[in-house]
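The structure under discussion appears below in the form of structure tokens.
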Amino acid sequence: MLKNDLLLKALRQEPVERPPVWMMRQAGRYLPDYIKLRNQYDFFTRVQTPELATAITLQPVDQVGVDAAILFSDILVIPQAMGVEVLMEEGKGPSLPKVIRTKKDIDALFTDHAKERLDYVMKALQLTKKELDGSVPLIGFAGAPWTIFCYMVEGKGSKTWSQAKSFAYNQPELTHSLLSKITDITIDYLIAQAGSGADVLQVFDSWAGALSPADFQLFAFPYLERIATAVAPHAPVILFPKGSWYAIEDLCRTAASGIGIDWCISPKDARKKAGVKTLQGNFDPAKLLAPIPMIREEVKKMIDGFGKQSYIANLGHGITPDVPVDHAKAFVEAVKEYRS
Ligand code: CP3
């Protein structure tokens with residue numbers, strides 16, 4: 001039994017006194033205690049050592065007061081489990097030296113034994129669950145197939161994703177076969193996370209917004225839908241295709257319990273499109289750099305717009321490293337103090 005189950009209640013559309021609040025990318029980056037660990041251990045050591053991943057996961061729960069923990073890990077553990085090398089350079093972001101170009105490259109990828117290949121994630125979830133001792137729910141996650149495809153084809157982050165998109169437009173069959181393989185292993189991985197203690201599972205489609213609405217329907221939506229259908233019987237799913245608010249109605253018809261949105265749509269318009277479906281978002285992370293009284297005011301306006309039921313207060317994308325901790329706390333406290 002959880003002492004604070006506001007997040008689960010919101011996902012079940014049950015009445016709540018106030019909305020639950022957590023922040024995407026809350027584990028790490030802006031927290032001084034995280035930076036200490038970052039200076040001691042390299043990125044994938046932090047991810048692959050359950051004791052370190054657990055310690056980082058608990059930091060924002062203890063220090064910022066969020067209503068949920070999200071496991072410290074990364075979406076790029078899936079390409080690694082498929083047999084692709086991923087490097088993380090501090091301050092520079094990820095790079096994948098051997099990009100996918102041919103059918104042979106795709107045929108060589110593993111899609112089996114997700115649970116065993118990512119055993120360190122399962123161990124970190126189990127340990128975190130134990131340490132949380134029922135205080136707040138634990139969120140597990142994975143990257144969406146389109147976003148993982150972007151990294152596997154482009155080999156690094158990009159503003160335009162022109163190589164990934166060029167591959168998709170020139171080789172649609174290979175694209176679908178790669179997206180399908182990523183989907184298969186991601187489904188097994190998310191189900192295994194639910195079996196290891198994750199109470200909620202979020203799918204990050206960070207680069208969905210690089211696609212036009214028609215291409216989103218082609219390369220992103222069907223795979224998100226497949227994941228939601230397969231995983232929902234095991235734990236509530238939140239789909240977060242950043243930049244694809246135009247597809248809210250379609251996303252609401254999937255088996256997902258919640259839909260994440262960024263700040264490019266107003267809370268009122270999103271609520272109109274979603275009806276009673278649970279929405280999550282959508283505070284501009286850069287607005288956490290505004291003066292604290294403005295943050296508090298804007299939080300109130302945001303919740304007024306969404307309505308406090310069937311709603312999870314969050315940012316519209318990850319928190320950035322330059323956010324002062326007291327501004328992050330002000331965001332969380334403003335949600336906790338909300339009364340309508
Ligand atoms: O939400 C959380 O706090 C849990 C941990 C988490 C990380 N990455 C840790 C991390 C989560 C949920 C992710 C997901 C992730 N990783 C996404 C999807 C979410 C999003 O923001 O769009 C993406 C696109 C990645 C890939 C990735 N990992 C990039 C582009 C980078 C470098 C740039 C950056 O975001 O800082 C990473 C590294 C990374 N993953 C860091 C953290 C805390 C920063 C590196 C460090 O501080 O050592």
Side-chain angles (χ1 to χ4, degrees), residues 21-49 52-61 63-64 66 68-80 84 86-96 121 124-125 128 137-152 154-159 161 164 186 189-190 193 198 200-210 220 238-244 260-263 280-282 285-286 312 314-323 328:
V21 56
W22 66 282
M23 291 178 297
M24 287 188 278
R25 311 295 295 269
Q26 66 188 19
R29 295 173 140 201
Y30 64 105
L31 285 175
D33 282 350
Y34 173 78
I35 293 161
K36 274 188 220 152
L37 286 175
R38 190 179 63 186
N39 294 338
Q40 264 176 292
Y41 306 96
D42 71 64
F43 184 74
F44 283 112
T45 303
R46 275 173 271 145
V47 167
Q48 291 165 6
T49 311
L52 291 176
T54 294
I56 297 168
T57 302
L58 297 176
Q59 285 171 0
V61 180
Q63 298 174 19
V64 188
V66 284
I70 179 163
L71 186 75
F72 177 77
S73 184
D74 202 82
I75 62 168
L76 297 171
V77 301
I78 280 289
Q80 283 178 331
V84 173
V86 180
L87 308 170
M88 188 67 73
E89 282 180 71
E90 301 296 345
K92 265 192 154 179
S95 75
L96 294 72
V121 175
L125 286 166
T128 304
L138 175 56
I139 304 170
F141 69 91
W146 168 253
T147 289
I148 298 298
F149 170 94
C150 281
Y151 283 106
M152 289 175 85
E154 194 91 25
K156 56 183 183 325
S158 166
K159 282 208 171 88
W161 298 103
T186 300
Y189 176 49
L190 289 170
Q193 290 188 51
V200 172
L201 295 162
Q202 173 152 322
V203 182
F204 287 90
D205 212 346
S206 305
W207 312 124
I238 302 172
L239 297 178
F240 172 53
K242 186 179 179 299
S244 301
I261 48 172
D262 64 32
W263 58 96
Q280 172 176 282
N282 72 342
I312 301 159
N314 204 321
L315 308 175
H317 200 189
I319 187 166
T320 49
D322 50 358
V323 172

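Both backbone and side-chain heavy atoms feed into the values below; hydrogens, waters and symmetry mates do not. We count ligands from 1, going down the list as the structure has it; atoms in each ligand are counted the same way.
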Does an N or O from [X], backbone or side chain, lie closer than 3.5 Å to an N or O of ligand 1?
| X | result |
| --- | --- |
| Thr147 | no |
| Trp22 | no |
| Tyr151 | no |

So is [X] in contact with ligand 1, going by heavy-atom distances below 4.0 Å?
| X | result |
| --- | --- |
| Pro94 | yes |
| Lys242 | no |
| Leu71 | yes |

Short list, please: which atoms of ligand 1 are under 4.0 Å from a heavy atom of [X]?
| X | value |
| --- | --- |
| Ala27 | 2 (C), 3 (O), 43 (C) |
| Arg38 | 46 (C), 47 (O), 48 (O) |
| Phe204 | 12 (C), 18 (C), 19 (C) |
| Ser206 | 18 (C), 19 (C), 20 (C), 22 (O), 24 (C) |
| Ile70 | 1 (O), 2 (C), 3 (O), 4 (C) |
| His317 | 20 (C), 21 (O), 22 (O) |
| Gly93 | 32 (C) |
| Met88 | 28 (N), 37 (C), 38 (C) |

Heavy-atom distance under 4.5 Å between the side chains of [X] and [Y], does that happen here?
| X | Y | answer |
| --- | --- | --- |
| Tyr189 | Val121 | yes |
| Ile238 | Ile312 | yes |
| Thr320 | Arg25 | no |
| Thr57 | Ile70 | no |

Which heavy atom of the protein is the closest neighbour of [atom], given with residue, atom name and distance?
| atom | value |
| --- | --- |
| atom 34 (C) of ligand 1 | Arg29 NH2, 2.9 Å |
| atom 11 (C) of ligand 1 | Phe141 CZ, 3.5 Å |
| atom 10 (C) of ligand 1 | Arg25 NH2, 3.4 Å |
| atom 14 (C) of ligand 1 | Ile75 CG2, 3.6 Å |
| atom 46 (C) of ligand 1 | Tyr34 OH, 3.1 Å |
| atom 27 (C) of ligand 1 | Asp74 OD1, 3.7 Å |

message = Before we go on, tell me: are the rings of Tyr151 and Trp161 under 6.0 Å apart, centre to centre?
response = yes

N/O donor-acceptor pair under 3.5 Å between Gln26 side chain and Pro60 backbone =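 No, the answer is negative, given that no donor and acceptor are paired below the 3.5 Å cut-off.
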
ask   = Does Arg29 reach the main-chain N or O of Ile319 with its side chain, forming a donor-acceptor pair under 3.5 Å?
value =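 A pair under 3.5 Å: yes.
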
side-chain contact (heavy atoms from CB on, under 4.5 Å) involving Ala198 - partner list, sequence neighbours excluded = Leu125, Gln193, Leu201

inquiry  = Within this structure, what is the CE-CZ distance for the pair Met88 and Phe43, rounded to the nearest 0.5 Å?
reply    = 4.0 Å

ask   = Rounded to the nearest 0.5 Å, how far apart are CG of Leu52 and OG1 of Thr45?
value = 8.0 Å

query = Heavy-atom contacts under 4.0 Å between Ser73 and ligand 1: side chain, backbone, both, or neither?
reply =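 Under 4.0 Å from ligand 1, Ser73 contributes backbone atoms alone.
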
request  = Taking salt bridge (charged side-chain N to carboxylate O under 4.0 Å, His left out) as the test, write out the residues that go with Arg46, two or more places apart.
outcome  = Glu90

query = Evaluating non-hydrogen atoms only, which member of Tyr41, Phe43, Trp207, Tyr30 is closest to atom 44 (C) of ligand 1?
reply =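 Selected option, by shortest heavy-atom distance: Phe43.
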
ask   = For the residue pair His317 and Phe240, does the interplanar ring angle fall in the parallel (under 30°), tilted (30 to 60°) or perpendicular (over 60°) class?
value =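 Tilted.
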
key: Lys159 charged N/C atom sitting above Trp207 aromatic ring, 6.0 Å / 45°   = no

